[in-house]
There are 2 protein chains.
Amino acid sequence: MSDHGPGGLAAGGGAPAQAGAGRPPDVPGGPHGGSRGVPGGATVAEARRGQMLRAALDVICERGFADTRIADIAERIGISPALVIYYFKTKDQLLTEAIRHYEDAWYAEVRRRLDELPTAALRLEEFVAMNLLPDGDPELASNWLLWLDFWVQAARNPDVASVRRKSDERWRDVIVSLVVAGQEAGEFAGIDPQRFAIFLSALLDGLTVQIALEDPVVDPVSAFELCMRYIADNLRFDWNPSGRAHVTGTPVRGQPGR
Amino acid sequence: MSDHGPGGLAAGGGAPAQAGAGRPPDVPGGPHGGSRGVPGGATVAEARRGQMLRAALDVICERGFADTRIADIAERIGISPALVIYYFKTKDQLLTEAIRHYEDAWYAEVRRRLDELPTAALRLEEFVAMNLLPDGDPELASNWLLWLDFWVQAARNPDVASVRRKSDERWRDVIVSLVVAGQEAGEFAGIDPQRFAIFLSALLDGLTVQIALEDPVVDPVSAFELCMRYIADNLRFDWNPSGRAHVTGTPVRGQPGR
DNA sequence: ATTTCTAGACTGAACATTCAGTCAGGACTC
DNA sequence: GAGTCCTGACTGAATGTTCAGTCTAGAAAT
C-alpha cells in the first residue's frame, strides 16, 4: 500500500494468476484448494500459503502494516522473497489476504468456543474476553494492534473495507443472536438487541484501542470488567469479576429497555 | 516512518538544527517562536511552518499517514520538496509535529467552545458533538481518519505515543471535570466520574472508528444520539435528540451509580 | 543615494537507498 | 522429463535527503 504510483491498491478481489511468464501454484479467491497436478490433496502449496499468511500477520503486528516488507516475511520463514511473489502475485494481495485470513480464523474460533458454552451469559462473557483479554492461542494471539492497522487499511482499500464491513456485520450479528437467545431463555432483560449490539461493538472497539496502545489507566482486565459490568447491568444478569457469569435466579423478560 | 533502516523513528523531541552546511530557520521543540533576525515577530518562517503543518494534515487525511510523501505536501503549497525538509529536518519530524499540532488545536478549540456554554449538560453535549458530528471549522474539519492514523503511529513511534497518552489524559480530565461540575451543580447523578470518563472515552473512540470507516449502520448522527442517550441516562438528566440538553427540574445528587 | 554585503528563504538537480516485482534457471518429485 | 517448487541476481521506479547556488530585502558602508 505504500509503493508505486498513486492509489497503489491492488486490483479487485480474486484476480487470478498472471498470463505469461510465471507458473503460479494456487489461485486464492475462495476456500477451494485446487491441488493441481499432485494427487492426494493440499500438499506443499497450501502449507506454504498458510505459513506465509501467518508470517505476514506476525510481521504486520511487529512493524505495522505499512512498514511490512515482503523480505521480512520471507526471511521469517527462511525463504526467498521471490517465492512470496510466486504464491501471491503482489504484496498487496498477500497483506490483504492475511488480514482476511486472520479475521476468518478469529471468527471461526469465536463460534467454536461459544458453541461449547451452555448459557448465553457465559457465551457473552467469553465473547468479550476474546476481544479484550490476552489469549493463549498463538494463532489468534492478542494482536490488538492488528485491528488498528486493519481499520486504517479499510479506510482506503476498498477490498479491505468490504472485509471489515462484513466482519463488523457478523460481529454484531453474534451479539444480537446471543442477546436474543439469552432473552428467550429468560436470562436477559428485554432490551433492544440491535441497539445493544451497536453500542457494545463500539465499546469493544474503543477499549481495544486503549488496550492496544497500552493506555496506563485501561489494562485488559479492567477493560474486561468495565465492559462486563455494563453488560450485566443492562441485560440484568448476575456477574462478578472473580468468577464466571451466573444466570439470575428469577428470570426477567419483556422488561422495557432501561 | 517508512524510510531508511529499522527503527527509522525520528530522534528525540526537539533535536535542533544540523551543524554544518545549511542555515535552518527556526527550531521547534516548543511553543516559542524565535523570530530570529527580523524584529517585530513571527514572520515568514512561522507562517510557512503553519502552512506546511496544515498541508501535511490535509494530505495525511487524504492519502493516509503512511502514504504521505513530502512531495505531496510541497506540491499542495506550491513549493519545492527541499523547502519542506529545510523547515523540518526530516519527514518524520514534520508528520509527527503535524499530528501534535492538530491535537493541540483540537483541544484548544474544545476548551474554547465549552467555556462559552452555561451548563455542564450542554458542555458535555458539545464535547460529544465535537467528537462525533461533522464540524464546520475547516481547521479541525471532521478528520476522523486522522485519529486512526494517529493511533497506528502511536503504537510504534514513542514520540507520537507520548502525545497520544497526554491527549487521552486531558481528554478524560475534561470529562471528569465536566461530570464533577455537573454533580456539584446538581445537574448530574453522583456516579463515579473517573469510571465514567474511561467508559465514555472508550465509547467515543469506538464510535469514531465506526464513523471514520463509514459503517453502514452507524452514521454520525445516530452515534451521537446513542452516546448522548447513554450519558443522559447515566447522569440522569433530560435529553432529547432534536433539541439541546436540558437540566432536569429536580436536582438529583448523591444517587448511587446504578 | 548608491553600492556593497549578508543572511534567510528557496529551488533544481543530483544522490542514495529501499523495495516490489522479473527472470532465467536449478533442484526435486512424480 | 514434465511439472512443481524454489532461488539468486537483477531492474525500475519511487522518494527522502543533500547540495550548491539563486534571489530578495534589509543593513552597513561609502
Side-chain angles (χ1 to χ4, degrees), chain A residues 1-11 17-27 34-40 42-49 51-52 56 59 63 66-75 77-95, chain B residues 1-6 8-10 17-27 34-40 42-49 51-52 56 59 63 66-75 77-95:
Chain A
M1 306 320 191
S2 56
D3 40 333
H4 43 44
L9 305 176
Q18 71 213 108
R23 53 251 114 148
D26 189 13
V27 187
S35 62
R36 191 109 30 89
V38 182
T43 71
V44 191
E46 236 167 54
R48 268 282 191 252
R49 283 184 76 82
Q51 198 180 19
M52 290 181 187
V59 178
R63 327 253 300 203
D67 289 339
T68 293
R69 296 159 310 188
I70 64 175
D72 297 323
I73 296 159
E75 194 182 11
I77 317 183
I79 59 172
S80 105
L83 190 60
V84 176
I85 297 297
Y86 173 72
Y87 275 86
F88 302 84
K89 268 291 297 163
T90 122
K91 179 195 180 187
D92 247 64
Q93 196 135 115
L94 165 57
L95 297 197
Chain B
M1 306 311 191
S2 54
D3 38 332
H4 42 44
L9 305 176
Q18 70 214 109
R23 54 248 113 146
D26 190 13
V27 187
S35 60
R36 191 102 37 85
V38 183
T43 72
V44 191
E46 237 167 54
R48 267 282 190 253
R49 283 185 76 83
Q51 197 180 19
M52 290 182 186
V59 178
R63 325 256 296 207
D67 288 340
T68 292
R69 296 160 306 188
I70 65 173
D72 297 324
I73 297 160
E75 193 182 12
I77 317 183
I79 58 173
S80 100
L83 189 61
V84 174
I85 66 124
Y86 171 72
Y87 275 86
F88 303 85
K89 272 291 298 162
T90 127
K91 179 195 180 186
D92 246 64
Q93 196 136 114
L94 165 58
L95 297 196

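Throughout, protein chains are lettered first and strands after them, A, B, ... in sequence-line order, and every chain is numbered starting at 1. Predicted, not measured: the structure shown is a model, and the values here were computed from it.
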Check this one for me: any side-chain N or O of [X] less than 4.0 Å away from OP1 or OP2 of [N]?
X: R48(A); N: dC6(D); value: yes
X: T90(A); N: dA20(C); value: no
X: Y86(B); N: dT17(D); value: no

What is the distance from [atom1] of [X] to [atom2] of [N], rounded to the nearest Å?
X: E75(B); N: dT15(D); atom1: CD; atom2: C1'; result: 14 Å
X: M52(A); N: dC5(D); atom1: CE; atom2: P; result: 11 Å
X: I77(A); N: dT7(D); atom1: CD1; atom2: C1'; result: 14 Å
X: Y87(B); N: dC10(C); atom1: OH; atom2: C1'; result: 8 Å
X: L94(B); N: dT15(D); atom1: CG; atom2: P; result: 16 Å
X: I79(B); N: dC23(D); atom1: CD1; atom2: P; result: 19 Å
X: Q93(B); N: dT17(D); atom1: CD; atom2: P; result: 10 Å
X: F88(A); N: dC6(D); atom1: CZ; atom2: C1'; result: 15 Å

Heavy-atom check, side chain of Q51(A) versus side chain of I79(A), under 4.5 Å: no
Least distance between heavy atoms, A74(A) atom then V84(A) atom: CB-CG2, 4.0 Å
Select one nucleotide: of [options], the one nearest the side-chain heavy atoms of [X].
X: L83(A); options: dC6(D), dG21(C), dA9(C); result: dC6(D)
X: I85(A); options: dC6(D), dT11(C), dG21(C); result: dG21(C)
X: K91(B); options: dG8(D), dT17(D), dT11(C); result: dT17(D)
X: R69(A); options: dG8(D), dT17(D), dC19(C); result: dC19(C)
X: A82(B); options: dT11(C), dC10(C), dT17(D); result: dT11(C)

Hey, could you give me the [atom1]/[atom2] distance between [X] and [Y], rounded to the nearest 0.5 Å?
X: L83(A); Y: I73(A); atom1: CG; atom2: CD1; result: 12.0 Å
X: I85(A); Y: L94(A); atom1: CD1; atom2: CG; result: 8.0 Å
X: M52(A); Y: I77(A); atom1: CE; atom2: CD1; result: 5.0 Å

